Amino acid sequence: MIHFTPEEKNLILAAIQYEKEIQDKADDEEIDYVEEIEEEIQRENIFISRRNIDSIVIYLGHLLDKAHQYNNAEVLSLESKLDDLSNLP
């Protein structure tokens with residue numbers, strides 16, 4: 001189980017929302033995948049796979065281009081936390 005602060009959850013959900021906008025023209029399978037991650041992140045007890053974690057890190061990268069809306073230091077810190085989780089044995 002993974003614990004995120006409310007601020008971290010908000011960043012992840014913002015990144016997922018942006019990804020959903022990008023994937024709007026993608027196939028339904030990819031959109032379903034993004035929505036599954038979104039549903040899991042909204043739960044109190046979060047269980048996600050390494051593949052999901054790696055996807056979230058990619059989605060968070062989009063927020064770095066929006067420095068006027070999101071604190072890049074917070075985004076990078078969250079990316080680092082997720083990378084650490086993904087690299088656990």
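Quick caveat: nothing in here was measured; it's all calculated off a predicted structure.
- At a threshold of 4.5 Å between non-hydrogen side-chain atoms, the residues I53 and D83 do not count as touching.
- Panel note: side chain E38, backbone I16; no donor-acceptor pair is recorded below 3.5 Å.
- A donor-acceptor distance shorter than 3.5 angstrom exists from the side chain of S55 to the backbone of R51, with no hydrogens or angles considered.
- Atom CD of E19 sits about 8.5 Å away from atom CD1 of I37, to the nearest 0.5 Å.
- A chain of hydrophobic side-chain contacts below 4.5 Å, direct or via other Ile, Leu, Val, Met, Phe, Trp or Tyr residues, connects F4 to V34.
- Hydrophobic clustering, with ILVMFWY side chains joined whenever heavy atoms are under 4.5 angstrom apart, groups L76 together with Y59.
- Side-chain atoms of N52 and S49 form a donor-acceptor pair, as typed in the model, at a separation below 3.5 Å.
- Note: L63 CG to N71 CG = 11.0 Å, rounded to the nearest 0.5 Å.
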N/O donor to acceptor pairs below 3.5 angstrom from side-chain atoms of residues 7-15, sequence neighbours left out:
residue	atom	partner	partner atom	Å
E7	OE1	T5	OG1	3.4
E8	OE1	T5	N	2.9
E8	OE1	K81	NZ	2.9
E8	OE2	K81	NZ	3.4
K9	NZ	I41	O	3.4
K9	NZ	R43	O	2.8
N10	ND2	P6	O	3.3

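- Between E40 and F47, the closest heavy-atom pair is OE2-N, 2.9 Å.
- Closest of all the heavy-atom pairs between V57 and E79 is O-OE2, 3.4 Å.
- Environment of CD in E29: sparse, with no more than 12 heavy atoms of neighbouring residues, nucleotides or ligands closer than 6.0 Å.
- Taking 4.5 Å as the limit, some side-chain heavy atom of D84 sits within range of a side-chain heavy atom of S80.
- Connection of I46 to I56 is established within a shared hydrophobic cluster, with ILVMFWY side chains joined at heavy-atom distances below 4.5 Å, either directly or through further cluster members.
- If you chain together hydrophobic residues whose side chains sit under 4.5 Å apart, L78 and L85 fall into the same group.
- I31 and I58 fall into different hydrophobic clusters, where Ile, Leu, Val, Met, Phe, Trp and Tyr side chains are chained together by heavy-atom contacts under 4.5 Å.
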